[in-house]
Amino acid sequence: MSVRLILVGPPGAGKGTQAKLLCYSLGIPAISTGEIFRAHAAAGDELGKLADSYTSKGELVPDEVTNRMVTERLAEPDAAGGFLLDGYPRNPAQVGALDGIFAELGIELDAVVEIGADDESAIARLLGRASEQGRKDDTEGVIRHRIELYHAQTEPLITLYRERGKLIEVDGMGTIDDVAVRVREALGSFLDARA
Ligand code: AMP
């Protein structure tokens, strides 16, 4: 199914897991800017070093760098049949850049799925993940900063996409399977209602 989606939600809401499950069932690539930065950091290349100097502190990587990376990624052949963006856009300026990329490619956004989670549950999940995955940015101070940045810079996107009639809100609390079912059902009804 050719569908173009954005997944938004606070750090610790389970976006990455839900992105993979949904993309598997839809047969589209999950494009996570955070994962691309981590892959470059693991490879030790220039982009990775630059990104790591921001991600390790929980800061956003500069828009210019992130927007260019997404422009290149969306031009790859596997994105032609649809995709899900996980963790991008993350501020209003990135929304503007993404609008430009879509216009350039002659494509339209289908929906934005918001996975909601309260701050304390999100922090608890991330601290749990820290012991499993050892991500550098999963220490309590950095986690709190990432959540603050989410409220200040990313949350305004929810209003913006709601006003555009693209927003689907899903409760991110519960088991992975519970949330996956909610996401699939909410997206299915949204796309059916539009058809
Ligand atoms: P995530 O895997 O989505 O939690 O992202 C991990 C980190 O990568 C974030 O805390 C940021 O430092 C960086 N990052 C990911 N996506 C973006 C973005 N759209 N803009 C700027 N920085 C980003």
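Every residue meeting the side-chain hydrogen bond (donor to acceptor under 3.5 Å, both in side chains) condition with H151, not counting sequence neighbours, appears here in chain and number order: D119, E155. For P62, the side chain to side chain contact (heavy atoms under 4.5 Å, CB included) test picks out Y54, V65, with sequence neighbours left out. Under the side chain to side chain contact (heavy atoms under 4.5 Å, CB included) criterion, Q133 pairs with R129, R135, not counting sequence neighbours.
As a member of the Ile/Leu/Val/Met/Phe/Trp/Tyr network built from side-chain separations under 4.5 Å, I176 groups with L21. Here L60 sits in one hydrophobic cluster together with L149; the rule is ILVMFWY side chains under 4.5 Å apart, joined directly or through other members. Think of M173 as one node in a network of Ile, Leu, Val, Met, Phe, Trp and Tyr side chains linked at under 4.5 Å; it has no links at all. The hydrophobic cluster containing I147 also includes I123, L126, L127, I143, under a criterion of side-chain heavy atoms closer than 4.5 Å among ILVMFWY residues, counted directly or through chains of members.
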Problem set entry | Worked verdict on R68 versus E72 for salt bridge (charged side-chain N to carboxylate O under 4.0 Å, His left out) | CA-CA 6 Å; R68 192 180 329 120; E72 288 170 6; 5.5 Å; no
Problem set entry | Residue pair D52, R38: steps toward the salt bridge (charged side-chain N to carboxylate O under 4.0 Å, His left out) verdict | CA-CA 8 Å; D52 192 60; R38 284 188 288 282; over 6 Å; no
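The ring pair (Phe, Tyr, Trp, His ring centres under 6.0 Å) analysis of residues 154-195, with sequence neighbours excluded, yields no pairs. Applying the side chain to side chain donor-acceptor pair (under 3.5 Å) test to pairs two or more places apart or on separate chains, those with a residue in residues 42-51 are H40-D45. Listed by first and then second residue, the salt bridge (charged side-chain N to carboxylate O under 4.0 Å, His left out) pairs that reach into residues 141-151 are E120-R144, D137-R146, D138-R146, E140-R144, sequence neighbours excluded. For residues 7-33, the pairs satisfying side chain to side chain donor-acceptor pair (under 3.5 Å) are K20-E35, with sequence neighbours left out.
In this structure, a donor-acceptor pair under 3.5 Å is present between the side chains of S121 and D118. Under 3.5 Å, the side chains of D178 and T175 contain a donor-acceptor pair of N or O atoms.
Between V183 and L7, the closest side-chain pair of non-hydrogen atoms is not below 4.5 Å. Looking only at side-chain heavy atoms (C-beta outward), L5 and L85 stay at 4.5 Å or farther from each other. Taking the side chain as every heavy atom from C-beta outward, I168 and V112 never approach each other to under 4.5 Å. Using a 4.5 Å heavy-atom threshold, the side chains of Y88 and M69 count as separate.
Side chain of R90 to main chain of Q153: no donor-acceptor pair is present (N/O by atom type, distance under 3.5 Å, no hydrogens or angles). Between the side chain of K166 and the main chain of R162, no donor-acceptor pair closer than 3.5 Å is present. In this structure, D110 contributes its side chain and R4 its backbone to a donor-acceptor pair below 3.5 Å. A donor-acceptor pair is defined here as one N or O able to donate and one able to accept, closer than 3.5 Å; no such pair exists between the side chain of R125 and the backbone of A122.
Residues L47 and I31 fall within the same hydrophobic cluster, defined by Ile, Leu, Val, Met, Phe, Trp and Tyr side chains chained together at heavy-atom separations under 4.5 Å.
When all heavy atoms of A93 and D63 are compared, the pair lying nearest together is CB-OD2, 3.4 Å. Taking every heavy atom of both residues into account, H145 and G58 meet most closely at CD2-O, 3.6 Å.
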Show me, pair by pair, the donor-acceptor contacts under 3.5 angstrom made by side chains of residues 96-103, not counting sequence neighbours?
{"unit_1": "D99", "atom_1": "OD1", "unit_2": "R164", "atom_2": "NH1", "d": "3.1"}
{"unit_1": "D99", "atom_1": "OD2", "unit_2": "R164", "atom_2": "NH2", "d": "2.9"}

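In E104, the CD atom is not crowded: 12 or fewer heavy atoms of neighbouring residues, nucleotides or ligands sit closer than 6.0 Å.
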